[in-house]
Amino acid sequence: MLYNCQNKRTKQFLRGLLAILRKLRSNPDKELRLLLLGLDNAGKTTILRYLANEDITQITPTQGFNIKSIHSEGFKLNIWDIGGARKIRPYWRNYFENTDVLIYVIDSADINRLEETGQELSELLIEDKLYKVPLLIYANKQDMVQSITTADIAESLGLHKIKDRDWQIQACVANKGTGRFRVGLQEYHEKVNSLTLNTRYKDVFKNISEI
Amino acid sequence: MFHYIWSLINWYLRPFIKWVLRQTTHMCELQRICYGKPSGAPRTYAVEYSLRLSRNADIISLISYLDDIANQCAITIRSERGILEEAIRTVLITKKINPAAHPDFSKIFGKCVELIWGYRQLCVECEELRQIQYDSGNPVHEDLLLRLWDLLMPYDPLDARITKQWQGIGFQGDDPKTDFRGMGLLGLENLVYFAQEYPSAATHVLTHSMHPRYGYAFAIVGINLTSMALRLLKDGSAKTHIYNSSKTLPSLRAFHQFYCYLFYEFDGFWLESKPNNIMEFSSIQKKFEINIRMALANPSTVFRINLSVDNI
């Protein structure tokens, strides 16, 4: 039941993404290259797996990269998810070539590293190979208590200063929540999770379908 | 289509073949397996297959009883004997086997039951441990994490709980807590077991991970290998190894040892592959998994850590 819902919602999610793509490219190709970047633990792999309709409960830190191709409404989306650990970041540049959309994922609850993520993003924006590539920012983990709003993130990263490309910032909750819903009893835990999962996804997709 | 026809033939023909064999050998299928197949995986696989195909009501209810017990992780050292005796008695009665004439059967069959449902229980135990998120507010979790450091870096104490030093053993940032993610406590326990039980192998692997050219993130690779080990366990591929290596009821220790083998072997495989950089991890990991799966497809496979640690 839940799986079906996810299917439907994933389509919605993709439709939102495709709406951006259409808007951004007057004459879109049928095959698009999306590059997912961001600090470690931002939620890049979760978003990738979620879009591919795969299990998102057993994510491990990405050593290297993951790639998935998703077919949707006549498009073939090749999504590249590159690990965000500090040691891997120097390799990001190897994946810039021919990128159609840059998706930058931010952990909205990781306030301590907001400056670091802003620094990485601004370095990406001055790369020649990413010149004029549209930017979609996911402000992930909006369900966490300590998370900050998209407006605050846009403000602190100085997004309004970006003039050379189209950009969007989008609130989202890509994973099924960590820590907050942990309850000792396993059954109760699962119930709580499936409930919050449903209601939270509704909110997320309300946001996303508004793009 | 072929599969469908085959299962149809099997369904009608199997009882007939079994009847003929029973008349000629004066033994039931389980006895023929227990006496004929070599011990370990080949025999246990065959017993499992035979039991799962059984259409006898008593055997079916015995299987669902054992499944329930395993799912509740209720097979313990204390309860095990009673459970096995119950299973053996049911089969002796249903199959009209005279235990006095076949004294070995009970022992051999009991061993198979222990392995089959012990494995099932092990899957549940690992999954439960995986679902426990690492919690930095829990002193047990914290102690385990700090123990991992002490075991791997005994001469280099931590300056603080949150420090860059963690990156030295291959965590992504200054606080390892987020790196356990989808593998939860299982990932941490695997690493601690490796460092504790095979200190020379773990140090050897850790040193390789710091290689200037072929280095990788030790802890992160370890967590990804936990994910692989769990995948092999849950889809049943690891049965070959667990059935062949377990002398008693398979426990978490068996999973840890399986993991240690994978980590040690992966390290060798990685160096042999001479990767250009860490970005080749996923492709090399996939190749490694294919090799392991191929090895496990051979029913006589049993993995043992080869501790002849060479000098780098």
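All figures in this text were calculated on a predicted structure; none of them were measured in a lab. Naming convention: chains lettered A, B, ... in sequence-line order (proteins, then strands); numbering from 1 in each chain.
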Portion of Tyr216(B) that has a non-hydrogen atom of chain A nearer than 4.5 angstrom: both
With a 4.5 angstrom heavy-atom cut-off, could you sort out which part of Arg130(B) is near chain A: side chain, backbone, both or neither? side chain
Taking atom [atom1] as the centre, does [X] end up with more than 12 heavy-atom neighbours from other residues, nucleotides or ligands that are less than 6.0 angstrom away?
X: Arg93(A); atom1: CZ; result: no
X: Tyr131(A); atom1: OH; result: no
X: Lys286(B); atom1: NZ; result: no
X: Arg161(B); atom1: CZ; result: yes
X: Glu127(B); atom1: CD; result: yes

Shortest non-hydrogen contact from Met279(B) toward Ile88(A): SD-CG2, 3.5 Å
I'd like to know whether Gln63(A) forms a side chain to side chain contact (heavy atoms under 4.5 Å, CB included) with Ile223(B), so could you lay out the CA-CA distance, the side-chain angles of the two residues, the decisive distance to 0.1 Å, and finally the verdict. CA-CA 10 Å; Gln63(A) 181 81 311; Ile223(B) 293 166; over 6 Å; no
Measuring from atom [atom1] of [X] to atom [atom2] of [Y], what distance do you get when rounded to the nearest 0.5 angstrom?
X: Asn277(B); Y: Asn94(A); atom1: CG; atom2: CG; value: 7.0 Å
X: Ile278(B); Y: Tyr91(A); atom1: CD1; atom2: OH; value: 7.5 Å
X: Lys164(B); Y: Arg86(A); atom1: NZ; atom2: CZ; value: 5.5 Å
X: Gln172(B); Y: Leu39(A); atom1: CD; atom2: CG; value: 10.0 Å

Has Lys87(A) got a side-chain atom pairing as donor or acceptor with Gln167(B)'s backbone, closer than 3.5 angstrom? yes
Give a yes or no on whether the backbone of Phe65(A) and the side-chain of Ser282(B) come within a donor-acceptor separation of less than 3.5 Å. yes
Which portion of Ile67(A) sits near chain B, non-hydrogen atoms under 4.5 angstrom: neither
Could you check whether any side-chain heavy atom of Thr57(A) comes within less than 4.5 Å of a side-chain heavy atom of Gln131(B), counting everything from C-beta outward? no
As a test of understanding, state which of Asp179(B), Val221(B), Asn224(B) forms a side chain to side chain contact (heavy atoms under 4.5 Å, CB included) with Thr60(A). Asn224(B)
